[in-house]
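Report on the structure given below.
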Amino acid sequence: MALELRQQLKLSQQLVMTPQLQQAIKLLQLSRVELEEVVNQELEENPVLEEVSEVDENRKIETEAVSPDADEGVPDNNPEKTQEVVEADGLAQIDDWQTYLQGFSQGGSVAESFDDEDHPSYENLLTPKTTLSDHLMWQLNLSSIADHDKVIAAAIIGNIDDAGYLRTPLEDICQQTESTQDQVEDVLYRVQSFDPAGVAARDLPECLQLQLAYLGLKGSLAERIITDYSKELEERRYPVIAKQCKVSVDEVLDAARFLSSLDPRPGSQFSESDIHYITPDIFVYKVADEYVVSLNDDGLANLKISSYYSNALSGKEIDSETSEYIQEKMRGALWLIKSIHQRQRTIFRVTKSIVKFQREFFDHGISYLKPLVLRDVAEDIEMHESTISRVTTNKYVQTPQGLFELKFFFNSGIGTTGGDSVASESVKNRIKEIIAGEDEKKPYSDQKIVNMLKEDGIDIARRTVTKYREMLGIGSSTARKRLF
C-alpha cells in the first residue's frame, strides 16, 4: 500500500484556556494559606507588583446586610482600581498603558524596614520536633550491637509507621539487608525492647503483650486473654472468657479494664500533628434582625502596581525591549489583582446566598439545617455549579453558631413523615445526641435508633443509620457496651 501526503480540512470545536484564565481558576480553589503563599511568591518574582504600605492603606471592609431589599451588587474593596479597564476578553489587550496608569493609584511609598543583624532569625530559635524514628535511632546508637545487626535494626526502624507498628513483612527486610530470618527476628526482639513500650509490634495483641512484659506482667491473666481470646475480648464475651480460663467474670472484667488502659498506638506521642489554626475567610454577624456578611482581608496583601515602573513606562528614555518586558509583567500583575478581587467577590456572593437559604440554621443551630445542593446557590447567583464547588472547598466562615467550612452547608435531604425533608447533617447530629444519652450498659441498636428517629418525624432506613454512625466514628452497639 502506497503512502501519500494529503491536505484535509476539518471543522472541530475545542475549549482553549488561556494561562490567565487557568490562574484565575486556580486562585479560586486555593485555601487562604495557599493564596498567601502564591501572593508572596508573585511579590518576589514580579518586580512590577508591590504591596500597599500601612501608610497608604485605607481599605473598607466589604459588608452587606442580607435582606429582601439588599442591593445585589457587591462593593469594590480595591480602591487602587479607580476605573474599570479590564474587559471580559482579558488584560492582554490593554495597549494604552499611560491612559490606564493615570487612573491607577500610584501614591504612597512602601514603608522601609530595617533588619537587626544583632538578632538571630526566628527559624534559628525553633527546636525541631523529635520523631519516632529519631527516638529509636538514638537508642540504637547507644546500644552495644554488631555492625550488621545495626543495619538490620535501622531497616526495621525505617519501616515502622507513625503508630509504632512494623507492617512490613520480615521477608522483605531479609532481602533488603541480605540477612536470614533468624537474624532479623533476633534484632526485631531487640528493637521491641526500646522505648516506647510496645513499639515495633506487628499487630495489636503483640503490642499489648510487649507492654505487659515491660510492666512485669508476663504470664498474667491479662496476657492470656490478649493472646488466646482477643476476638472474644473485642466482642465483650466476658462469660465465655471466664469459663475458658476457669476464673470469675469479675477477674476477667478487671483484666479487660487494665488492658483498656494500655496504649494501642505507642508511636502516636511522637507523630502527633502540629495544631493548625483555621483563619476564617469570611464572617457572618447578626446585627439586630439581619445577618451581615464581611470578608476577612486581614493577612492578605493589598497589591498595587509599582509607581517606579509605571513612571518608567510613561517615559521615552527606555528601549522597546525593556518596554515590552515591563508591559508583560504589568499584564501578569494586573491579572493577579483582578483574579484575587474576583475570588473575594465570589466568596462574598456565595456566602450571602448560603445565609439566605440557611437562615434558620444561623438563628437556631444545626437541627434547623436545610437540605441544599450546589445548583440552588448556582442558580441564585447565576454562576456555574463547578464554580460554587471550587469556592466552597477549604474556605471557612465564622458564624454565630461556630466555625464551618462552606461545604458544610451543602447536604442531601432525608424525608420526614410530614412530607418535608431534613438535612443529612441534622440527622447525623440527632443520631449523635441519641447515642450520647444512652445507657452504656444497654446501648441502642441501629433499629432502635431508627424507631426513635421516626418518633421525631424522620423516616430513615436502618442501613442509613449504620452508615451515618460509621461516618461519625461511632462503633456498633456491641462495641459501645460497657459492663463495668
Side-chain angles (χ1 to χ4, degrees), residues 204 230-241 249 252-253 256-257 259-262 264-265 268 278 284 286 291 354-355 357-374 376 392 396-484:
L204 179 59
S230 58
K231 185 177 181 181
E232 288 80 1
L233 178 65
E234 181 181 354
E235 298 175 353
R236 290 175 170 76
R237 296 164 59 187
Y238 303 118
V240 175
I241 298 175
V249 175
V252 173
L253 289 174
R257 187 183 298 107
L259 288 171
S260 65
S261 67
L262 301 179
R265 297 171 57 88
S268 60
I278 296 175
V284 175
K286 187 171 185 181
Y291 285 97
I354 289 174
V355 172
F357 282 109
Q358 301 287 6
R359 174 64 186 254
E360 293 186 8
F361 163 82
F362 289 96
D363 286 337
H364 306 293
I366 192 172
S367 299
Y368 291 83
L369 192 66
K370 292 182 179 179
L372 185 66
V373 295
L374 297 175
D376 296 333
T392 54
Y396 292 85
V397 55
Q398 182 68 53
T399 74
Q401 301 295 336
L403 181 66
F404 299 93
E405 187 179 10
L406 289 178
K407 269 191 173 181
F408 169 81
F409 299 98
F410 296 89
N411 50 85
S412 58
I414 303 295
T416 64
T417 55
D420 298 326
S421 60
V422 61
S424 57
E425 288 293 336
S426 298
V427 177
K428 291 180 187 177
N429 185 67
R430 179 57 184 146
I431 292 174
K432 189 176 181 180
E433 291 176 349
I434 290 174
I435 294 177
E438 70 184 2
D439 184 355
E440 292 186 347
K441 294 184 178 180
K442 296 181 180 179
Y444 298 131
S445 65
D446 290 345
Q447 186 58 49
K448 176 63 175 177
I449 295 175
V450 168
N451 297 335
M452 297 176 71
L453 290 173
K454 285 185 176 179
E455 294 177 0
D456 295 339
I458 301 174
D459 189 9
I460 188 172
R462 184 186 60 81
R463 62 179 179 274
T464 306
V465 170
T466 303
K467 181 180 73 172
Y468 286 174
R469 175 176 53 74
E470 292 174 350
M471 291 174 65
L472 292 168
I474 300 175
S476 64
S477 58
T478 302
R480 301 196 308 271
K481 189 174 184 179
R482 296 288 185 270
L483 297 181
F484 49 85

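These numbers come from the heavy atoms of this one structure, side chains and all, not from hydrogens, waters or symmetry mates.
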Are there over 12 heavy-atom neighbours, none belonging to [X], within less than 6.0 Å of that residue's [atom1]?
X: Phe362; atom1: CZ; result: yes
X: Lys442; atom1: NZ; result: no
X: Lys428; atom1: NZ; result: yes
X: Gln447; atom1: CD; result: yes

If you measure only the distance, is there a donor-acceptor pair under 3.5 Å linking the side chains of Asp363 and Tyr291?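 A pair is found: one side chain offers a donor N or O, the other an acceptor, under 3.5 Å apart.
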Against Phe409, only a single residue in Phe357, Tyr396, Phe361 fulfils ring pair (Phe, Tyr, Trp, His ring centres under 6.0 Å); can you say which?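 The option that passes is Phe361.
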How many angstroms lie between [atom1] in [X] and [atom2] in [Y], if you round to the nearest 0.5 Å?
X: Asn451; Y: Arg462; atom1: CG; atom2: CZ; result: 11.5 Å
X: Phe404; Y: Gln398; atom1: CZ; atom2: CD; result: 9.0 Å
X: Ile241; Y: Ser230; atom1: CD1; atom2: OG; result: 9.0 Å
X: Ile431; Y: Met452; atom1: CD1; atom2: CE; result: 11.0 Å
X: Asp459; Y: Lys454; atom1: CG; atom2: NZ; result: 5.5 Å
X: Thr399; Y: Ile354; atom1: OG1; atom2: CD1; result: 11.0 Å

Smallest separation among heavy atoms of [X] and [Y], with atom names:
X: Tyr468; Y: Ser424; result: OH-CB, 3.4 Å
X: Glu438; Y: Tyr444; result: OE1-N, 2.9 Å
X: Ala256; Y: Tyr238; result: CB-CE2, 3.8 Å

Donor-acceptor contact present, side-chain Arg469 to main-chain Gly475, <3.5 Å: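 Here the side-chain-to-backbone pair exists.
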Would you indicate whether the side-chain heavy atoms of Lys467 and Met471 approach each other to under 4.5 Å?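 In short, these two side chains touch, coming nearer than 4.5 Å.
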Does Ile435 reach the side chain of Ile449, with side-chain heavy atoms less than 4.5 Å apart?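 Of all side-chain heavy-atom pairs linking Ile449 with Ile435, at least one is under 4.5 Å.
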What do the steps show when you test Glu425 against Asn429 for side-chain hydrogen bond (donor to acceptor under 3.5 Å, both in side chains), and what is the final call? CA-CA 6 Å; Glu425 288 293 336; Asn429 185 67; over 6 Å; no
Positive for side chain to side chain contact (heavy atoms under 4.5 Å, CB included) with Phe408, one of Leu369, Leu403, Thr392: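 Among Leu369, Leu403, Thr392, the one that satisfies the side chain to side chain contact (heavy atoms under 4.5 Å, CB included) with Phe408 is Leu369.
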If we check side chain to side chain contact (heavy atoms under 4.5 Å, CB included) with Val465, which of these qualifies: Ile434, Val450, Val427?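 Result for side chain to side chain contact (heavy atoms under 4.5 Å, CB included) with Val465: Val450.
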For side-chain contact (heavy atoms from CB on, under 4.5 Å), just list the numbers for Leu453 and Arg430, CA-CA rounded to whole Å, side-chain angles, deciding distance to a tenth of an Å, and then say yes or no. CA-CA 8 Å; Leu453 290 173; Arg430 179 57 184 146; 3.5 Å; yes
